[in-house]
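Heads up: the structure comes next, in structure tokens.
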Amino acid sequence: MQQRLWRLPPEQGVADIDIYLMWHRERSLSVAETAFLKFFRTFMLAYPPCERLGAVSGI
């Protein structure tokens with residue numbers, strides 16, 4: 001099988017931005033939405049704000 005996908009430049013991030021995650025707490029979420037929110041919130045709690053950009057640089 002030929003590998004036709006590759007990472008495009010830039011290798012590093014191009015800008016530091018603030019991200020706000022909002023959702024309606026009373027709405028029923030799908031399994032995928034629940035998993036995403038759990039992962040995202042766990043990541044946010046695991047790293048202090050000053051370290052979050054460095055934590056994802058290995059992606």
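Residue indices begin at 1 and follow the sequence shown.
- Among residues two or more places apart in sequence or in another chain, the side-chain hydrogen bond (donor to acceptor under 3.5 Å, both in side chains) test is passed with Arg4 by Gln2.
- When the salt bridge (Lys or Arg N to Asp or Glu O under 4.0 Å) test is applied to Arg27, the partners found at least two apart in sequence or on another chain are Glu33.
- With sequence neighbours excluded, the residues that form a side chain to side chain contact (heavy atoms under 4.5 Å, CB included) with Phe40 are Ile19, Leu21, Phe36, Met44.
- Taking the six-membered ring where tryptophan is involved, the planes of Tyr47 and Phe43 are tilted, since the angle between them lies from 30° to 60°.
- In this structure, CH2 on Trp23 lies 8.5 Å from CG on Leu29, to the nearest 0.5 angstrom.
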